[in-house]
Amino acid sequence: MTVNELIQFVNGVVVDTSNLERGFLLGAGYDGDKKVAYLKILDPDTQKVYYYYDKTFHKPYCFSKKSPSELAYLRKRDDVEDIVVEEKWDPLTDSMIKVSKIITKDPLAVGGHPSEKSIRNIETCYEADIKYYENYLYDLGLIPGTFVKLENNKVQEILNEFSEEMQTALKEAMRESDEYLKKYIEEYAALLSQPFPQIKRAAIDIEVLTEVENRLPDPEKATQPIISIALAGNDGKKVVFAIRRNDVETGSAPEMPKDVELKFFDDEKQMLIEFFKEITNYPIIVTFNGDSFDMPYLYHRAQNLKIPRDAIPIVLGREIASIVHGIHIDLYKTFVNKSIQGYAFGNRYNEHTLNAISEGILGEEKVEVEGSINDLPMMNLAFYNYTDAKLTLELTSYDNDLLMKLLITLSRIARMNIEDTSRLSVSNWIRSMLINEHRRRNALIPRKEEIEQKGQEASSKAIIKGKKYQGGFVVEPLPGVHFHVVVLDFASLYPSIIKVFNLSYETVKCPHEECKTNILPNTAYWVCTKMRGMTSLLIGALRDIRVNYFKRLSKKAKSKEEKEFYNVISQALKVVLNASYGVMGFENFPFYCLPVAESTTALGRYSIQQTIEKAKSLGVTVIYGDTDSLFLKNPTEDQVKEIVDFAKEKLGIDLEVDKVYRYVAFSQRKKNYIGVYEDGSVEVKGLSGKKSHVPDFIKNVFFDVINILGKVKSPQDFEIAKEEIRKRIRKAYNDIKNRNVPLEELAFKVMLNKPIEKYTDTTPQHVKAAMLLAQKKEVKPGDIIAFVKTTTKDGVKPVEMARKDEIDVDKYIEFMESTFEQLLDALGFSFDEIIGATKLEDFFSF
DNA sequence: GCGGACTGCTTACCT
DNA sequence: ACAGGTAAGCAGTCCGCG
């Protein structure tokens with residue numbers, strides 16, 4: 001059965017439509033049976049997804065530098081359609097060259113087969129590792145996440161109309177940009193300010209009877225019955241489909257919301273059929289781990305139960321699962337993405353479980369289950385199941401559908417299927433963005449090793465052993481307490497440098513003789529004076545549009561909704577910009593270019609050091625700085641202005657006042673300080689006390705002390721604070737000494753990053769604990785191991801296996817001491833003086 | 001056989 | 001599977017020590 005026939009069943013309509021006034025492009029795909037590319041287009045009015053099959057006769061292809069006659073032997077293959085000569089611009093030589101375009105009948109003829117069946121395995125090809133449907137999108141100029149129209153079988157982007165405010169803001173944003181940059185900024189403004197459509201979506205979650213406790217059933221075999229399925233829709237739909245069982249109690253779930261529909265079935269097959277019908281109402285299906293569990297399980301279970309193929313709306317790929325009537329988003333993959341975790345959600349979760357992520361982002365937790373799912377009373381199981389689906393949905397709907405909007409915006413920037421954007425990492429997004437740029441310039445994409453010819457060895461030496469080149473510069477902090485500190489910050493420093501210094505793989509060490517004298521300061525490289533680099537333009541435009549356009553529009557917004565709209569776009573841009581420099585130094589990135597990465601940080605060091613010199617010359621004390629920031633001690637407004645102007649005029653980079661602290665306390669450590677704002681709120685950076693592995697008990701004391709410090713308004717106040725701090729720490733000290741602390745609060749929580757057996761060089765404490773734990777239950781990479789320090793043989797025990805009397809009290813006192821030392825150091829008092837080291841015995845008399 | 005100095009491994013943080 | 005820089009704790013090693 002072809003995808004086409006399937007869809008006809010699912011939607012009950014002929015889906016290969018030729019006319020649609022305003023559709024929303026979800027993505028592209030390839031139909032292996034019809035051998036043709038297709039688009040999935042959502043009609044926002046009906047919430048139905050139409051398939052548009054290519055009618056431009058687009059074919060798979062790749063390029064070779066050999067002549068067609070040298071490649072003539074390929075013509076004998078029946079999967080090769082034609083070989084034609086094309087002229088393309090070669091970025092590395094800055095010249096037009098002739099290449100052979102090998103056109104095939106099947107994407108597998110280009111690549112994807114492990115053998116000689118794929119041409120890229122037998123010839124040195126160009127652009128042969130781009131997925132066929134990606135090529136289709138680039139070549140037709142279509143962008144997933146945007147609005148398109150279908151008119152007489154032609155598909156076209158619908159361009160955005162600009163309001164007056166947007167026009168004005170755009171002019172303002174482009175004021176300082178060069179001619180080249182302006183074009184890009186205008187395009188991005190139009191692309192990214194498109195509205196977000198309302199799309200129906202539902203989160204689903206299944207429960208399966210387990211054979212062996214604590215072991216996940218095999219989704220390929222799907223031998224065990226599905227006993228419950230929950231669905232939570234953004235239209236308010238809440239359903240649990242469950243099997244009526246006699247072997248467990250009915251149970252009760254008083255917390256279950258009244259509006260959850262409960263549909264009980266005697267027959268599993270009937271349940272699945274009903275469920276499949278229900279989900280076809282939702283063009284977006286959301287799961288947590290659906291790619292590797294729920295979707296393949298449902299699919300194979302349905303097959304085992306002899307449900308006809310055309311009643312199963314699931315399409316399984318090699319690693320991803322999709323749905324016929326729309327798209328499937330597996331949130332697990334989205335939340336594992338480091339850029340999403342860090343830049344979009346501020347590292348509010350560390351562990352990649354539904355529970356940990358929900359807790360971090362929503363402040364809600366899963367329902368706890370003791371023992372096996374198998375023995376759970378029916379109602380309790382339904383409630384547990386429903387809660388998971390609800391949390392999954394909420395992760396996409398919280399903050400006004402923030403995540404969905406981010407994914408759509410990122411798809412627009414990356415020009416990538418929404419399904420792919422949600423699963424792939426930032427280097428893939430940027431790769432796609434750059435490939436598209438090459439296509440529209442008719443540029444041949446160099447092979448990776450050709451770019452690497454530019455330089456394999458760095459000219460700077462990394463400070464950290466094993467790293468390739470030197471990074472940011474950190475100023476030695478001036479220890480002590482400093483009142484009225486102004487923090488200056490280069491606005492997205494590295495993207496600015498890439499923009500201002502024209503950094504790109506083809507412009508750094510460009511082929512022109514006359515550019516060789518144009519040396520980049522603080523580096524061993526020259527940069528092109530004749531052409532604007534591609535990454536410089538793209539990253540530069542993204543930077544300018546974020547800083548000068550969306551951020552300004554957000555400040556001027558008239559409504560909350562408008563403000564939020566601009567903030568989402570700004571946030572998505574931040575994610576891409578923050579990674580834009582890093583990918584240049586990432587070996588597996590297809591446009592990896594060490595000279596570009598190295599120049600970026602070298603120019604960063606140059607910028608901050610020049611600015612420090614300027615500050616010094618004005619008599620301003622720089623008490624600290626890290627990569628792109630400078631902490632100034634009690635500067636005048638004029639001094640600040642002069643430094644900011646210097647950066648703009650002499651370096652061409654925006655330097656802004658980021659924050660003003662009432663006071664800052666530094667120890668002698670870098671990346672380690674507390675800053676107190678005028679309103680008494682406190683920012684803690686790098687101190688052990690805030691680190692996630694620290695036992696809750698110590699963390700609580702730490703933050704109590706921080707709160708006390710927030711109340712300090714003048715140097716005199718420290719005396720009072722000191723007394724309060726002393727009391728708080730003494731109490732904690734006593735509690736530990738007297739074993740008055742619950743075990744859980746003493747647990748260190750450290751992540752296991754690899755399987756236990758891979759720790760061959762050393763056996764850290766959390767691994768020792770994990771080994772003990774492994775005797776009782778499965779321990780996997782990514783798990784957080786909770787352990788306490790004990791006086792037993794290994795020195796540690798998993799918290800659930802330890803007793804209070806085994807706790808190594810002295811180790812905890814030691815740990816507490818070093819944690820507070822960082823803080824007390826900076827304030828000029830010591831732990832000993834707080835505790836009163838000579839009076840230790842006093843505490844035992846309590 | 002033990003302790004101190006040292007290095008390397010590991011994790012979590014900062015930009 | 002974006003980068004490098006820093007802090008901290010602990011594991012393991014080397015060396016001296018009659």
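A, B, ... follow the sequence lines: proteins, then strands. Residue 1 opens every chain.
- Base engagement by Ile464(A) is indicated by at least one non-hydrogen atom pair under 4.0 Å involving a base atom.
- Among the heavy atoms of the strands lying under 4.0 Å from Gly471(A) are primed sugar atoms or P, OP1, OP2 only; no base atom is included.
- The footprint of chain A on DNA chain C, defined by a heavy-atom cutoff below 4.0 Å, extends from dA1(C) to dG12(C).
- Listed in residue order, the members of residues 786-796 of chain A having a heavy atom less than 4.0 Å from DNA chain C are Lys789(A).
- Atom OH of Tyr343(A) is separated from atom P of dT15(B) by 12 Å (rounded to the nearest Å).
- The shortest non-hydrogen separation linking Ile608(A) to Phe490(A) is CA-CE1, 4.1 Å.
- Shown here is Lys754(A), whose NZ atom has more than 12 heavy atoms of other residues, nucleotides or ligands within 6.0 Å.
- A distance-only check finds no donor-acceptor pair linking the side chain of Glu598(A) to the backbone of Pro595(A) [under 3.5 Å].
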Could you list the donor-acceptor pairs under 3.5 angstrom formed between side-chain atoms of residues 654-670 of chain A and any protein atom two or more places apart in sequence or on another chain?
residue: Asp654(A); atom: OD1; partner: Lys648(A); partner atom: NZ; Å: 2.6
residue: Asp654(A); atom: OD2; partner: Arg543(A); partner atom: NH2; Å: 3.3
residue: Lys659(A); atom: NZ; partner: Tyr661(A); partner atom: OH; Å: 3.4
residue: Lys659(A); atom: NZ; partner: Glu683(A); partner atom: OE1; Å: 3.2
residue: Tyr661(A); atom: OH; partner: Glu683(A); partner atom: OE1; Å: 2.4
residue: Arg662(A); atom: NH1; partner: Gly710(A); partner atom: O; Å: 3.3
residue: Arg662(A); atom: NH1; partner: Val712(A); partner atom: O; Å: 2.6
residue: Arg662(A); atom: NH2; partner: Glu678(A); partner atom: O; Å: 2.6
residue: Tyr663(A); atom: OH; partner: Leu709(A); partner atom: O; Å: 2.7
residue: Ser667(A); atom: OG; partner: Arg669(A); partner atom: N; Å: 3.1
residue: Ser667(A); atom: OG; partner: Arg669(A); partner atom: NH1; Å: 3.1
residue: Arg669(A); atom: NH1; partner: Asp825(A); partner atom: OD2; Å: 3.3

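- With Ser570(A) contributing its side chain and Lys551(A) its backbone, the two residues share no donor-acceptor pair below 3.5 Å.
- Side chain of Lys454(A) to main chain of Lys509(A): a donor-acceptor pair is present (N/O by atom type, distance under 3.5 Å, no hydrogens or angles).
- In the displayed structure, Phe748(A) atom CZ is contacted under 6.0 Å by more than 12 heavy atoms of other residues, nucleotides or ligands.
- Among the heavy atoms of the strands lying under 4.0 Å from Asn588(A) is at least one base atom, whether or not backbone atoms are also near.
- For Glu449(A), the CD atom is densely surrounded, since the number of other residues' heavy atoms within 6.0 Å is greater than 12.
- Of the candidates Leu630(A), Ile643(A), Thr611(A), Leu630(A) is the only one forming a side-chain contact (heavy atoms from CB on, under 4.5 Å) with Val622(A).
- Mapped onto DNA chain C by nearest heavy atom, Ser427(A) and Arg669(A) fall at different nucleotides, with Ser427(A) at the one closer to the 5' end.
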**Prompt:** Given Arg605(A) and Ser460(A), is the side-chain contact (heavy atoms from CB on, under 4.5 Å) satisfied, shown in steps?
**Reply:** CA-CA 12 Å; Arg605(A) 296 192 297 276; Ser460(A) 62; 4.3 Å; yes

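- Among the heavy atoms of the strands, none lies under 4.0 Å from Phe473(A).
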Side-chain donor-acceptor contacts of residues 807-816 of chain A below 3.5 Å, not counting sequence neighbours, with atom names and distances?
residue: Asp808(A); atom: OD1; partner: Asp810(A); partner atom: N; Å: 3.4
residue: Asp808(A); atom: OD1; partner: Lys811(A); partner atom: N; Å: 3.3
residue: Tyr812(A); atom: OH; partner: Leu746(A); partner atom: O; Å: 2.7
residue: Tyr812(A); atom: OH; partner: Lys789(A); partner atom: N; Å: 3.0

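- Taking a 6.0 Å sphere around CD of Glu757(A), one finds it holds more than 12 heavy atoms contributed by other residues, nucleotides or ligands.
- Among the atoms of the strands shown, none is found under 4.0 Å from any heavy atom of Ser629(A).
- Within a 6.0 Å radius of NZ in Lys690(A), more than 12 heavy atoms belonging to other residues, nucleotides or ligands are found.
- Residue contacts shown for Thr763(A) are limited to sugar-phosphate atoms, with no base heavy atom under 4.0 Å away.
- Where Gln822(A) and Lys338(A) meet DNA chain C, the nucleotide closest to each residue was compared, and Lys338(A) sits on the side nearer the 5' end.
- A tilted orientation is assigned to the rings of Phe345(A) and Tyr349(A), their planes being inclined by 30° to 60°.
- Taken residue by residue, residues 572-581 of chain A places no heavy atom nearer than 4.0 Å to DNA chain B.
- No contact: Lys811(A) has no heavy atom under 4.0 Å from any strand.
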**Asked** Quick one: what's the B/S/- string for nucleotides 5-12 of chain B, heavy-atom cutoff under 4.0 Å, read 5' to 3'?
**Response** ---SSSSB

